[in-house]
Structure formats: structure tokens, C-alpha cells
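Data block below; observations after.
Scope of the values below: all heavy atoms of this structure, side chains included, with no hydrogens, waters or symmetry mates. Every number for a ligand or one of its atoms is a count from 1 in the order of the listing.
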Amino acid sequence: MGTRLMGSGRAGIGLKQDALIRRASARLRHALPGAVAGIIAAGFGVAVAELLAAATRPEAGPLVAVGGAVIDATPTPIKELAVRELGTNDKPALLTGVVVAVALLAAVTGILGRGHRLAVVIGAAVLGAAAAAAALARPTGTPFDVVPSLLGAAVAGLTLWWLLRRLGTAPVAPVAPVSEAQPVSSFDRRKFLAAAALVAVGAAVAEAGATGVKRVRGGAAARSRADIRLPAAADAGKPVPAGVDPGFVTGNGDFYRVDTALTVPRINPDTWELRIHGMVGNEMRLSFEDLLRRPLVERVMTLNCVSNEVGGPYIGTAKWLGVPLASLLAEAGVRPGADQIVARSAEGMTIGTPTATALDGRDTMLVVGMNGEPLPLEHGFPVRMLTPGLYGYAGACKWLTELELTTFAKFDAYWVERGWAADGPVKTASRIDKPKPFARPEAGPVTVAGVAWAQRRGIKAVEISVDGGDWNPAELLPVPSIDTWVQWRFSWKATSGPHSLSVRATDKTGAAQTAARATPFPSGATGLHTITVTVA
Ligand SMILES: Nc1nc2c(c(=O)[nH]1)N[C@H]1C(S)=C(S)[C@@H](COP(=O)(O)O)O[C@H]1N2
Ligand SMILES: [Mo]
């Protein structure tokens, strides 16, 4: 009342403002419980759906399904930007985005639903249908995958309806003047808060259940991975030569990871099966045991990503243990004309590899071991493909389940559909690792060092240019084969002041790395890696 009196003492404008503020706050008081009800109900529905999916088909969880569909639908330049700006944080960021979007829609549904119950039906139907469609549209989608989303939406809709009834309708016409204490009676409010708390607890329990089920399942995959004893290689290949610098072989924990999988697929090797089919004489099915019984080869090879920028981190070298793909294809009997192998993975990736690259004598293999361990879950456990000389998107399908012999004319794999080159041979490239950009070394001799790579062709020379001057040869350290990177070093007589350092590699065909800049899209970056340092 006090404010009233004071307000009436002011000019007419003040009174109007007062009324506006009161009306706005009344509207907010009306909207807030609706929004809360909407969000809590949606949270409960999503948690129930996630729990059902975790127990039956993890791929069918609505959050992962919607996130995956967003990834699939995202135009390549934006995907590139996300990877560049967020690195491996792009996936948590995406999932957060999906959660925020669902919460916003749910809040709006709850607010509108207070006045119009039809809004509840429409909101739940729209969200449920969107999630179900996303699950169905995933490359591994099956008709069953719509069930968790639809059930979750029904649960959310019914829950919201029930919560709004606790709340009392209290319809407030948006333009009508609002009297003071009209909206929620304290009785309604208490009933509503109790109901909302109950639903929130239910959501937390269901969410905890989903997490628990996922953990048990993941634990089973991790345990069976820990139980695996890999046989020794029948053909151990060339070891890493003495005289390389530390870091020649990348540790499994340091190896870059690039994939579209929102959650790491957890595959039980006991039930895993590889199917080789399509344009073959004899279709084959192989268990993990079948693979391990074959003569295994071990090779040190470098793998890199087509998305790597000049100087970027998406490259690593490991000792890979696997079954030569050529031996399996010989048994399957590739029909003439089958120029493409389409590898399919458990979570629906397709990677197309030229058949020739499995048959031309290189060490293309189905990998089961990485640096003396079973393949890590993130790197494709239990089995992935590796094709030396091709970027990962063209030859290194992880979580492999299927190889189909077909033609390039007949099928575009995942990345090819999105405009990337169909073949994907690695381009000759080099990188300066030491000193770091903008380092401040002391004047005098400074060791400049890094790596260069041109898998399948090998590196003949690496040269360094200081401040755009002459190219000076760097020293090359030994390599086990042409399929790995080479470490190089160069002793630079550094003089004080700012300097730029550039590196250039030449492959064993005699072709020097081009200085012309190209973006990673569509066939791999080109250009020279140049860094700037200031010598003290
Ligand atoms: N199933 C699956 N396999 C995949 C991918 C993927 O997204 N899904 N990405 C490919 C790409 S682009 C690269 S560069 C390599 C990366 O392998 P890594 O994560 O083990 O380093 O995996 C390839 N295999
Ligand atoms: Mo890649």
C-alpha cells in the first residue's frame, strides 16, 4: 500500500509504469510455474527414454539420436569450424545445445499449456516426433528406435498435464488488466511444488538408472577388452629403428581422435561379427576369435586426418597389429569391377576405400592391436581398418562390422556424400614442433625439429628456410618404412630479433611440398608450416 500512495503522488507516467511493472510481474508469476513444470516434465520424459534405450539399444537414446542427426545434417564448413574451435569438446557442446533447446521448447509448452491444454499435446508430439525421426534417420536406425522417444514424449506430456492440473488453470488473458494476488493460491502452490518435486526426483532416479546401465554395459566392454590376450604377430615387420627421438611412436592416450560418434561405441567382442559381402564369390562371416586365429602382422604406420590444418595435431604413429585385408579378400573372391570397399561401423559410419589399396601389396589391415594392447575403445575396439597412404576418412573405419565390395559409381560413403574427395591419398606435408610458435630462444645454436610425412611415397628431404631465405637441408632420423612420418632436425644459428621459420618436405618421387595454401576441404590442406619466434 505504501508504494501505492507514493506512486499516486508522482506524475501520471509513474503510475502507468507502476501498473506495467505490476502486470509484467504478475505475468511472470504466472509463466514461471508453467515453465518449471514444462522443464521438469520434459526432463522426466527424456530420462525415462534414456533409461529404456540404455537397457535395450543405446543408439536409440533421444539425446544421442538428435545430436547425431544434427552432426549428420551439419554442413561441412560448420563442422570444420566446430572441430577447429572446440576440438574434442565439440561433442559435449553439441549435447548441451540439444538439452538447452529441448528445455526451451518444454518451457514454452508449459507456459502455453496453462491456458491451453492442447499446447501440451502439440509440444509433446512435436518433440517426440522430432526425436523419433532423428533416431530413425541415423544410419543404423531401426524401426524399434522410435520407441524410446515416443514413450518418453508420452510420459512427458502426461506428466506436464498432471503438473498443470496441480497448478490450477488460473487463466490470465494476456491483455486483460491483472489484479493483485489473483494467480496461484498458496494451497495450489504447495500441491504444485510437492508434485514438481516428486517428478524431479523421478527424473533423477531414471537418469541415474540410465547412467548406471550404461556404465555396466561399458564396463562389460572394457572388461572383455582387458581379458583379451592378443597372439604374437606371425610377421612382426621392421621395428622402430634405434636413433629416433622420443615421440616417434605416439602413446595410445596421446593419439588424436576424430569421429562423429557422440558416445564411444562399446562392442562386446564375444558377439562381434564381421560380414564381408557384396561383389564377392563367397560371402564371409568372421568372429573376433576367427580373426585372432589368422596369421597376424605388425606394422608401424602413421595415420592422419584430412581435416588437419597445416601444422595441426591430427596425426599419430603407432604399432598396429592386424590381419592383412588382402588375405581375407582373396578368400572372399572379389568380383571384377568392384573398385570400392565400403566399410560400415557399429554406429553407422560408412567409409569407402579403393579396393586397389587393399590388393597392391601395401599393409592394409583389419587392426586388433595398437602399441601392444587391444585397440582402445576410442580407436575402434574391437576391430578397425587401416590403409597406409590414405587419410583416415578414406581408409580407417573404426568399430568395423561390415565390408561390402561395390563400386564408386554405385555408392557414396558418408564423407563423400558431404563433398570430400572419394579417394583420399595423403598429401606430402611437414610440421615444426620445436621451437613452439612465439617462443623466445636464446641467441646461438637452436635446434629446430619436427616431423614430415608422405605415406606410401616416403620422405626424401626436409628443408628449412629462415625469414624466407634459402632452403637448407635438415637432418632426417631413421624410419622403419615409407608408411611412417620421419623426424627431422636442423641446427639454426639464431641471431637476436624476430624470425620466421618455414619447413618444406620432398617425397621420394622427387615432388616438393607445395607452398600454395589449400583448406582441408575437400582433399587435405596444403601449404608450408611457418612459425615466428623472437630470439633474445
Ligand atoms: N566409425 C568411424 N570410423 C572412423 C571415423 C568415424 O567418424 N567413425 N572417422 C575417421 C577419421 S576422419 C579419421 S581421421 C580416423 C581417426 O582415427 P582415430 O580417432 O583412431 O585417430 O578414423 C576414421 N574412422
Ligand atoms: Mo579424418
Side-chain angles (χ1 to χ4, degrees), residues 59 64 67-68 71-72 74 76 79-80 82-84 87-88 90-91 94 138-140 249-267 272 274 301-309 312-322 341-353 364-371 373-403 413-427 429 453 455 485 519-525:
E59 300 87 336
V64 165
I71 291 182
D72 292 348
T74 302
T76 296
K79 217 177 304 201
E80 289 276 273
V83 170
R84 196 159 57 237
T88 36
D90 60 341
K91 283 162 195 148
L94 172 62
R138 303 267 26 238
T140 46
V249 171
T250 314
N252 288 355
D254 296 331
F255 210 94
Y256 81 94
R257 177 185 164 200
V258 170
D259 56 61
T260 62
L262 266 175
T263 54
V264 176
R266 297 178 178 278
I267 298 169
W272 177 87
L274 173 70
M301 298 191 281
T302 294
L303 172 65
N304 52 325
C305 181
V306 70
S307 299
N308 206 25
E309 303 275 350
Y314 300 143
I315 180 165
T317 299
K319 194 163 71 174
W320 308 94
L321 177 73
I341 305 169
V342 173
R344 289 197 173 77
S345 73
E347 85 297 359
M349 176 51 63
T350 54
I351 286 186
T353 306
T364 302
M365 59 168 76
L366 303 189
V367 174
V368 295
M370 183 174 180
N371 291 329
E373 284 176 26
L375 210 48
L377 300 183
E378 301 79 29
H379 295 291
F381 179 79
V383 179
R384 79 176 302 168
M385 203 164 131
L386 201 73
T387 309
L390 299 187
Y391 290 117
Y393 85 100
C397 189
K398 306 195 275 188
W399 308 294
L400 185 68
T401 58
E402 216 181 284
L403 294 174
Y414 185 90
W415 298 106
V416 178
E417 245 187 322
R418 287 157 178 78
W420 295 82
D423 46 355
V426 167
K427 292 177 176 172
W453 59 92
Q455 296 97 304
W485 58 17
T519 58
F521 184 80
S523 61

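Atom 6 (C) of ligand 1 has Asp259 CB, 3.4 Å as its closest protein atom, hydrogens excluded (heavy atom only). The nearest heavy-atom contact from the protein to atom 17 (O) of ligand 1 is Arg384 NH2, 3.0 Å. Residue, atom and distance of the protein heavy atom nearest to atom 19 (O) of ligand 1 are Lys398 NZ, 2.5 Å. If you check which protein heavy atom lies closest to atom 23 (C) of ligand 1, you get Ala396 O, 3.4 Å.
Counting the atoms of ligand 1 from 1 in the order shown, those under 4.0 Å from a heavy atom of His379 are 18 (P), 19 (O), 20 (O), 21 (O). Here is the list of ligand 1 atoms found below 4.0 Å of a heavy atom in Ser345: 1 (N). Listed by atom number, the atoms of ligand 1 under 4.0 Å from Val258 heavy atoms are 5 (C), 9 (N), 10 (C), 11 (C), 12 (S), 13 (C), 15 (C), 16 (C), 19 (O), 22 (O). Proximity to Tyr393 (heavy-atom distance under 4.0 Å) selects the following atoms of ligand 1: 11 (C), 12 (S). When each atom of ligand 1 is checked for a heavy atom of Phe255 under 4.0 Å away, the hits are 21 (O). Every atom of ligand 1 with a heavy atom of Cys305 under 4.0 Å away is listed here by number and element: 14 (S). Using a 4.0 Å cut-off to heavy atoms of Glu347, the atoms of ligand 1 that qualify are 1 (N), 2 (C), 8 (N).
Considering backbone and side-chain N/O atoms, Tyr256 comes within less than 3.5 Å of an N/O atom of ligand 1. At under 3.5 Å, not a single nitrogen or oxygen of Asn304, backbone or side chain, sits near a nitrogen or oxygen of ligand 1. Between Arg257 and ligand 1, no pair of N/O atoms sits closer than 3.5 Å.
By the 30° and 60° cut-offs, the orientation of the rings of His379 relative to Phe255 is perpendicular. Tyr393 and Trp420 have tilted rings, their planes meeting at an angle from 30° to 60° on a 0 to 90° scale.
Heavy atoms of Ile351 found under 4.0 angstrom from ligand 1 belong exclusively to the side chain.
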Worked check of side chain to side chain contact (heavy atoms under 4.5 Å, CB included) between Leu375 and Arg384: CA-CA 8 Å; Leu375 210 48; Arg384 79 176 302 168; 3.7 Å; yes

Pair Glu347-Thr263, side chain to side chain contact (heavy atoms under 4.5 Å, CB included): steps then yes or no: CA-CA 9 Å; Glu347 85 297 359; Thr263 54; over 6 Å; no

Worked verdict on Arg257 versus Val264 for side chain to side chain contact (heavy atoms under 4.5 Å, CB included): CA-CA 11 Å; Arg257 177 185 164 200; Val264 176; 3.7 Å; yes

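Under a 3.5 Å cut-off, the side chain of Trp320 and the backbone N or O of Met301 do form a donor-acceptor pair. For the pair Arg418 (side chain) and Asp72 (backbone), a donor-acceptor distance under 3.5 Å is present. Judged by distance alone, the side chain of Asn252 and the main-chain N or O of Met370 form a donor-acceptor pair under 3.5 Å.
With no hydrogens or angles considered, no side-chain donor-acceptor pair links Thr302 and Trp485 at under 3.5 Å.
Using a 4.0 Å heavy-atom cutoff, Ala261 is absent from the residues neighbouring ligand 1.
A distance of 14.5 Å separates CH2 of Trp399 from CH2 of Trp272, quoted to the nearest 0.5 Å.
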